[in-house]
Amino acid sequence: MHSKVVSESGPAAHTAAVYLARAELKPVMYEGMLANGIAPGGQLTTTTDVENYPGFPNGIGGQKLMDAMREQSERFGTTIVTETVSKVDLSKRPFKYWLEYCEEEAPNTADALIFATGASARRLHLPGEDTYWQNGISACAVCDGAVPIFRNKPLAVIGGGDSAAEEAIFLTKYGSKVTVLVRKDKLRASNIMAKRLSAHPKVEILYNTVATEAKGDGKLLHSLAIKNVVTGEIRDLSASGLFYAVGHEPATALIKGQIECDEDGYIITKPGTSYTSVKGVFAAGDVQDKRYRQAITSAGMYPNCFRSHSFMCFRLTTSDKDPDALQLLRPSGYWQRRRRRRKPQNPLSKQKRVKLTALPHSSKLIL
Ligand SMILES: Cc1cc2nc3c(=O)[nH]c(=O)nc-3n(C[C@H](O)[C@H](O)[C@H](O)COP(=O)(O)OP(=O)(O)OC[C@H]3O[C@@H](n4cnc5c(N)ncnc54)[C@H](O)[C@@H]3O)c2cc1C
């Protein structure tokens with residue numbers, strides 16, 4: 001039985017793995033075999049230069065960054081398995097899980113599970129999209145908007161919600177003009193965002209309009225074929241950049257109905273932690289964050305929860321025959337009583353109290 005399983009392989013999963021492995025909790029990571037169409041390493045493997053991840057003043061290739069994270073996870077002893085987890089049973093501990101193509105076999109089990117399955121931007125699969133994906137077409141204006149191929153060039157955004165409005169306004173910093181293509185006859189965005197968008201001098205909104213093809217010279221995107229869905233008119237729109245803002249899909253099919261998710265399918269975590277509605281199951285990264293969806297926020301999610309879990313929930317014990325056996329216990333009545341009795345006055349006093357009381361129970365706790 002594995003003590004801790006980190007499911008999936010983006011920045012969130014690798015941070016979790018590094019922290020767990022350094023604490024000698026022997027994590028096992030299932031990095032996926034093209035799970036949800038994304039390679040091991042996650043969404044960053046689908047992009048070129050990452051310029052907003054600290055520590056790389058000249059930027060770093062997305063794949064290179066993920067290779068480095070993988071190496072770091074392995075260095076501290078994470079077992080990485082290139083398989084996709086296809087089924088889980090979270091009804092009781094130890095949790096059961098199955099791997100793709102092995103669903104009929106006996107389940108694997110784990111004391112704790114961390115879901116960092118990420119999310120993927122919805123794509124429209126226009127003709128030409130595969131040719132110009134990441135060569136003009138992107139699903140992340142914040143990530144890609146500043147790259148040179150978009151500077152002072154006409155850009156287009158598809159979508160009519162708040163994200164589309166935000167992305168279009170963001171892109172006005174870089175593009176010469178931003179055209180927003182809205183399928184319906186009005187924006188879905190909130191009033192304030194709609195007003196801001198409509199009033200922007202560099203923005204044009206084309207209602208009742210869809211893109212039907214992405215065109216270019218085979219290397220870079222140059223224009224879009226667009227269609228007015230009311231009149232049927234088709235014409236070309238000059239665009240060196242096309243940004244999809246038609247929503248994201250969190251990779252939560254696996255846990256549907258077993259963990260509390262919001263109306264868009266994102267896992268709900270207790271604010272400021274990665275606790276989910278199921279004790280012993282944690283979530284980090286884009287799968288539970290529909291606001292920021294960045295590598296740095298995903299990577300920053302787990303350490304926060306790890307500190308509190310290590311002290312409050314997990315005890316390492318040598319009582320088992322296997323000296324390395326790890327037992328993950330729920331907070332005991334003792335802990336709950338102590339928490340009720342002594343309210344910490346400030347974060348420092350809380351930290352002190354937790355450390356002092358945790359030590360006698362945690363002979364092997366290494367942080
Ligand atoms: C084109 C593009 C460019 C981007 N550029 C930037 C940028 O410049 N800077 C930035 O900060 N952010 C950028 N982002 C966003 C960033 O990539 C994400 O915020 C970040 O990768 C999220 O990390 P994550 O660990 O939550 O999940 P992900 O990176 O989505 O990784 C999840 C992994 O889990 C795997 N998986 C899913 N289900 C299973 C399963 N059942 N079993 C096993 N494995 C599974 C997936 O295959 C995937 O490999 C970009 C995103 C895209 C799409």
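Counting starts at 1 for both ligands and their atoms, following the listed order.
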>> Can you tell me if Ser120 contacts ligand 1 (heavy atom of the residue under 4.0 Å from the ligand)?
In response: no
>> Distance under 4.0 Å to a non-hydrogen atom of Ala116: what atoms of ligand 1 satisfy this?
In response: 32 (C), 34 (O)
> Between Arg75 and Glu71, does at least one N-O distance fall below 4.0 Å, as a salt bridge requires?
Replying inline: no
> Step by step, would you call Phe56 with Leu65 a side-chain contact (heavy atoms from CB on, under 4.5 Å)?
Replying inline: CA-CA 10 Å; Phe56 303 97; Leu65 178 59; 3.6 Å; yes
>> If you measure every N or O of Ala39 against every N or O of ligand 1, does any of those distances drop under 3.5 Å?
In response: yes
>> Please list, in number order, the atoms of ligand 1 under 4.0 Å from a heavy atom of Gly285.
In response: 26 (O)
>> Show the atoms of ligand 1 that are less than 4.0 angstrom away from any heavy atom in Thr84.
In response: 40 (C), 41 (N), 42 (N), 43 (C)
> At what distance, to the nearest 0.5 angstrom, does CD1 of Ile158 lie from CZ of Arg122?
Replying inline: 14.0 Å
> Less than 6.0 Å separating the ring centroids of Phe243 and Phe170?
Replying inline: no
> Is the shortest N/O to N/O distance between Ile38 and ligand 1 below 3.5 Å?
Replying inline: yes
> When only distance counts, is Asp49 in polar contact with ligand 1, meaning an N/O pair under 3.5 Å?
Replying inline: no
>> Measuring from atom 41 (N) of ligand 1, which candidate in Val85, Asn52, Thr45 has the nearest non-hydrogen atom?
In response: Val85
>> Does any N or O of ligand 1 fall below 3.5 Å from an N or O anywhere on Trp133, backbone included?
In response: no
> Within the side chain of Arg151, is there an N or O that forms a donor-acceptor pair under 3.5 Å with the backbone of Pro148?
Replying inline: no
>> I need the atoms of ligand 1 closer than 4.0 Å to a non-hydrogen atom of Tyr30, numbered in the order shown.
In response: 43 (C), 44 (N)
> Is it true that atom CG of Asn191 has more than 12 heavy atoms of other residues, nucleotides or ligands lying nearer than 6.0 Å?
Replying inline: no
> Within a reach of under 6.0 Å around NZ of Lys202, are more than 12 heavy atoms found that belong to other residues, nucleotides or ligands?
Replying inline: yes
>> I'd like to know if the side chain of Asn36 and the backbone of Ile38 have a donor-acceptor N/O pair within less than 3.5 Å.
In response: no
> So which of Gln134, His14, Glu51, Gln43 gets nearest to atom 1 (C) of ligand 1, if we judge by its closest heavy atom?
Replying inline: Gln134
> Does Pro11 have a heavy atom less than 4.0 Å from any atom of ligand 1?
Replying inline: yes
>> Using a 4.0 Å cutoff against the non-hydrogen atoms of Gly32, which atoms of ligand 1 qualify?
In response: 43 (C), 44 (N)
